[in-house]
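Bear in mind the structure is a predicted one, so any value in this text is a computation, not a measurement. Excluded from the calculations below are hydrogen atoms, water molecules and symmetry mates; all remaining heavy atoms, backbone and side chain alike, are included.
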Amino acid sequence: MSWHKRLLLLGVAGTVAMAASACAGGQVRGADRSPQPSSTGETAATQTQPATVTANDDTFVYAPNLDVVTDWDPATSYSNENIAMSNIYEGLTRYNSATRKPEPRLATEWTSAAEGKEWTFKLRQGVKFHTGAALDAEAAKKAIERTIKENSGAAYIWGAVDTIEAPDASTLKFTLKYATPLDVVAASGYAAYIYDTEAVDQVKDGKADAGTGPYTIDSWQKGKETELTLKAYEDYWGGWKPEQYKKVAFRVTPEITTAWQLLKQGEVNFVQRLNPQLFEQASDTEGVQVSRTPSFQNLLVLFNTAGGATKDVRVRQALQLAIDYDGLLAALKGAGVKASGLVPEGLVGHTANLEAEQDLAKAQELLASAGYGGDNEELKLTLTYAQGDEDQKLLVTLLTSALQKLNVTLQAKPMAWNAQWDQGKAKGQDIFVMYWYPDYPDAYSWFFNVFRSNDKPELNLSYLKNAGIDAAIDELPKLTATDLFAAETSYDELQKKILQEQAAVAVPYVQTYQRALSADVQGYVDNPAYPNVVFFHDLKRAS
């Protein structure tokens with residue numbers, strides 16, 4: 001499975017890019033820009049698009065810090081390419097983080113019955129795929145069925161689906177094995193795309209696509225600074241106005257200071273994250289506007305529950321108490337807010353009054369009861385975190401200092417994500433630091449992916465195994481669809497078990513997205529349900 005999208009990316013706050021892209025090939029850019037072979041054997045050098053594209057009245061330039069595309073298949077894509085593919089492909093619905101409800105996209109309306117086990121979607125008329133084929137219910141059915149069959153990336157989101165029917169050209173009917181909020185599932189940023197299955201085998205080299213979105217692929221040059229350009233799909237069902245951007249370019253800029261300079265010079269329009277110092281500067285810079293938005297992305301500090309000293313719950317509890325939560329937030333200067341439990345505010349399952357506090361005296365007591373700390377033999381623990389991520393580095397620095405006072409030495413190692421993840425799957429560390437955000441706007445993602453038992457570790461990198469917790473996790477989709485009060489109660493109980501009783505994880509903060517844009521860009525709304533995605537069709541140039 002292509003699980004690497006989790007850590008890529010999103011919260012790079014330092015001066016270098018985070019090398020956390022991962023198993024399917026995303027690398028830190030800049031060291032090697034030699035042409036890379038495509039899946040057909042052609043090199044990017046044979047394509048004719050200019051090496052660097054600059055912002056202008058017609059072209060919007062986004063400056064990501066990592067490779068833009070690792071997988072072009074809309075069924076299996078599970079990485080940074082969501083920032084591009086969310087503009088090429090569409091789902092039945094799109095989640096509005098302000099109203100906390102899904103809104104129409106390729107479906108114009110929907111109903112549920114049988115206590116959330118039957119869902120009927122009415123499809124928008126007059127929609128064409130970029131291949132020229134018309135979208136109808138049978139085509140949508142085939143797309144979702146293929147995604148389920150591929151069973152990769154985030155395909156698990158369709159796990160409740162038993163059958164899909166297309167009783168007529170505009171009607172899509174789902175029968176579920178158990179109740180699920182399918183209108184929210186259908187708004188997922190991964191694995192919910194509707195695409196032309198007849199052409200999907202031809203999209204993997206990045207020369208074409210099979211979506212319905214406002215933009216289609218213009219040029220993909222793997223390894224180049226301007227890696228990807230998109231152009232307007234003229235027959236887009238949403239139409240076009242003169243003030244909209246007809247072209248989009250992704251200009252990969254690993255150094256955040258370089259991206260900032262390019263923005264000030266007017267060469268790029270959007271920088272996805274600035275460190276606190278640059279964000280403050282951007283706030284007072286003519287020609288630049290800033291955006292600060294709460295997110296659904298938090299930092300997880302996962303403790304090895306299966307082996308080593310951290311197998312003892314008292315050691316894990318001591319580690320939770322050793323983290324300087326307030327000091328970390330102060331240093332982030334607004335780039336994060338204190339976490340309360342595992343679920344960020346704004347999602348069903350968020351629980352108040354679960355904020356953690358540093359308490360070194362209590363931590364020392366717990367370590368002593370476990371035979372560590374104080375005058376006992378020095379305890380050495382290993383920790384891995386994302387190379388190049390200054391936020392995670394700051395956490396590690398503060399934790400190392402605090403643990404030294406407790407006669408605990410933290411051997412911390414920054415790593416590229418693929419190496420960190422391989423080591424994690426082999427249970428090769430005591431503490432694993434990573435970001436998490438949901439695949440679709442629902443808290444279930446944290447519990448199913450990170451804390452449900454799995455004999456072969458994937459992303460459950462605390463290695464927690466608890467049958468009672470597993471059973472409660474399995475009930476969450478049904479409860480969310482049929483009984484929100486019961487769902488909230490279950491989420492509350494699960495978080496207390498995982499955080500307090502099992503002490504499998506610490507959650508230092510929830511990230512606040514800090515963006516910078518050209519001042520003449522209008523209509524930008526940061527939607528944390530789609531991390532780092534800019535919906536370019538919603539934007540317009542100031543007249």
Quiz prompt | Over all atoms of both residues, closest heavy-atom pair of D183 and P102 | solution = OD2-CG, 3.4 Å
Quiz item: Under 4.5 Å between any side-chain heavy atoms of F270 and F536, yes or no?
Solution: no
Quiz prompt | Value rounded to 0.5 Å, distance of OH in Y435 from OG in S295 | solution = 10.0 Å
Quiz prompt | Side chain proximity check, L302 to M434, heavy atoms < 4.5 angstrom | solution = yes
Quiz item: Where the side chain of W110 meets the backbone of L92, is there a donor-acceptor pair that is under 3.5 Å apart?
Solution: no
Quiz prompt | ring pair (Phe, Tyr, Trp, His ring centres under 6.0 Å), paired with F448, selected from Y444, F451, W446 | solution = Y444
Exercise. Could you grab the distance from atom CG of D359 to atom CG of L366, nearest 0.5 Å is fine?
Key: 9.0 Å
Quiz prompt | Between T382 and Q429, a side-chain donor and acceptor under 3.5 Å | solution = no
Practice problem: Look up atom CD in E109 and atom CG in L123, then write down how far apart they are to the nearest 0.5 Å. | Solution: 10.5 Å
Quiz item: Are K465 and D455 ion-paired here, with the side-chain N under 4.0 Å from a carboxylate O?
Solution: yes
Quiz item: Going by atom types only, do Y62 and Q272 share a side-chain donor-acceptor pair under 3.5 Å?
Solution: yes
Quiz item: Can you list the residues that meet the salt bridge (Lys or Arg N to Asp or Glu O under 4.0 Å) rule with K425, with sequence neighbours excluded?
Solution: D422
Quiz item: Do you know the tightest heavy-atom contact between P508 and V301?
Solution: CG-CG2, 3.8 Å
Quiz item: What are the two closest heavy atoms between A137 and A166, and how far apart are they?
Solution: CB-CB, 3.7 Å
Quiz item: Is atom NZ of K141 surrounded by more than 12 heavy atoms (other residues, nucleotides or ligands) closer than 6.0 Å?
Solution: yes
Quiz item: Going by atom types only, do N532 and R515 share a side-chain donor-acceptor pair under 3.5 Å?
Solution: yes
Quiz item: Under the 3.5 angstrom rule, does the side chain of D442 hit a backbone N or O of P438 as a donor-acceptor pair?
Solution: no
Quiz item: Which atom pair, heavy atoms only, marks the closest approach of F296 to P528?
Solution: CD1-O, 3.7 Å
Quiz item: Quick one: does L342's side chain get under 4.5 Å of L300's, heavy atoms only?
Solution: yes
Quiz item: When you look at Y513 and Q297, which way does the side chain to side chain donor-acceptor pair (under 3.5 Å) test go after all the steps?
Solution: CA-CA 9 Å; Y513 291 146; Q297 179 183 345; 3.1 Å; yes
Quiz item: In terms of side-chain heavy atoms, does N527 have a donor or acceptor partner in S97 at a distance below 3.5 Å?
Solution: yes
Quiz item: Counting distance only, does the side-chain N/O of S77 pair as donor-acceptor with the main-chain N or O of D73 below 3.5 Å?
Solution: no
Self-check item: Aromatic ring proximity, centroids under 6.0 angstrom, Y385 and F432
Solution: no
Quiz item: Heavy-atom distance under 4.5 Å between the side chains of L172 and T120, does that happen here?
Solution: no
Quiz item: Any luck finding a side-chain donor-acceptor pair between T171 and K122 under 3.5 Å?
Solution: yes
Self-check item: Between T212 and Y195: side-chain donor-acceptor atoms closer than 3.5 Å
Solution: no
Self-check item: More than 12 heavy atoms from other groups under 6.0 Å of CD on E115
Solution: no
Practice problem: Return the minimal non-hydrogen interatomic distance between L360 and A322, and the atom names on each side. | Solution: CD2-CA, 3.9 Å
Practice problem: Could you tell me whether the side chain of Q511 and the main chain of N298 form a donor-acceptor pair under 3.5 Å? | Solution: no
Exercise. Return yes if some donor-acceptor pair links the side-chain N/O of R316 with the main-chain N/O of Q502 below 3.5 Å, else return no.
Key: yes
Exercise. Quick one: which residue pairs count as a salt bridge (charged side-chain N to carboxylate O under 4.0 Å, His left out) with a foot in residues 294-312, not counting sequence neighbours?
Key: D312-R314
Self-check item: Exercise: do N304 and T310 side chains pair donor with acceptor under 3.5 Å
Solution: no
Quiz item: Would a 4.5 Å heavy-atom cut-off, applied to side chains only, mark L464 and I469 as touching?
Solution: yes
Practice problem: Scan residues 495-508 for pairs that pass salt bridge (charged side-chain N to carboxylate O under 4.0 Å, His left out), counting only residues two or more places apart or in two chains. | Solution: D492-K496
Quiz item: Between Y524 and F535, is the ring centre distance below 6.0 Å?
Solution: no
Practice problem: Decide yes or no for L319 and L403: does some side-chain heavy atom of the first lie under 4.5 Å from some side-chain heavy atom of the second? | Solution: yes
Quiz item: Any salt bridge between R292 and D526, counting N to O under 4.0 Å?
Solution: no
Practice problem: For the residue pair L106 and L135, establish whether any side-chain heavy-atom pair is separated by less than 4.5 Å. | Solution: yes
Quiz item: Under 3.5 Å, is there a donor-acceptor pair linking the side chains of W436 and S445?
Solution: yes
Self-check item: Heavy-atom donor-acceptor pair, E118 side chain to S112 backbone, under 3.5 Å
Solution: no
Quiz item: So, are E103 and R94 salt-bridged, with charged N and O less than 4.0 Å apart?
Solution: no
Quiz item: Measuring from K456:NZ to N454:CG, what's the distance to the nearest 0.5 Å?
Solution: 9.0 Å
Quiz item: Restricting to pairs with a member in residues 83-106, which pass ring pair (Phe, Tyr, Trp, His ring centres under 6.0 Å), not counting sequence neighbours?
Solution: Y89-Y193
Exercise. If a pair satisfies ring pair (Phe, Tyr, Trp, His ring centres under 6.0 Å) and one of its residues is in residues 453-497, list it, with sequence neighbours excluded.
Key: F447-Y491
Quiz prompt | Over all atoms of both residues, closest heavy-atom pair of N82 and S86 | solution = O-OG, 2.8 Å
Self-check item: Heavy-atom donor-acceptor pair, N407 side chain to N376 backbone, under 3.5 Å
Solution: yes
Practice problem: Any side-chain hydrogen bond (donor to acceptor under 3.5 Å, both in side chains) involving residues 323-345? Give me the pairs, sequence neighbours left out, ordered by first then second residue. | Solution: D326-K338, K338-E357
Quiz item: Is there a donor-acceptor pair closer than 3.5 Å between any side-chain N or O of S188 and the backbone N or O of V184?
Solution: no
Quiz item: Quick one: CG on L476 to CG on L494, what's the gap to the nearest 0.5 Å?
Solution: 5.5 Å
Quiz prompt | Side-chain heavy-atom pair L379, L381 within 4.5 angstrom cut-off | solution = yes
Practice problem: Indicate whether the side chain of Y78 and that of D439 have a donor and an acceptor atom separated by less than 3.5 Å. | Solution: yes
Quiz item: Backbone N or O of P414 within a donor-acceptor pair of the Q392 side chain at under 3.5 Å?
Solution: no
Exercise. Any chance you could lay out the side chain to side chain donor-acceptor pair (under 3.5 Å) test for T175 and D162, step after step, and finish with the verdict?
Key: CA-CA 6 Å; T175 302; D162 187 16; over 6 Å; no
Practice problem: For T512 and T293, run side-chain contact (heavy atoms from CB on, under 4.5 Å): C-alpha distance rounded to whole Å, both residues' side-chain angles, the deciding distance at 0.1 Å, then the answer. | Solution: CA-CA 6 Å; T512 299; T293 309; 5.9 Å; no
Quiz prompt | Donor-acceptor contact present, side-chain T108 to main-chain P104, <3.5 Å | solution = no
Self-check item: Check: T384/Q423 side-chain N/O donor and acceptor closer than 3.5 Å
Solution: no
Quiz item: Could you give the distance from CD1 (I323) to CG (L299), rounded to the nearest 0.5 Å?
Solution: 8.5 Å
Practice problem: Could you please spell out the steps behind the side chain to side chain donor-acceptor pair (under 3.5 Å) verdict for T76 and D71? | Solution: CA-CA 7 Å; T76 59; D71 182 0; 2.6 Å; yes
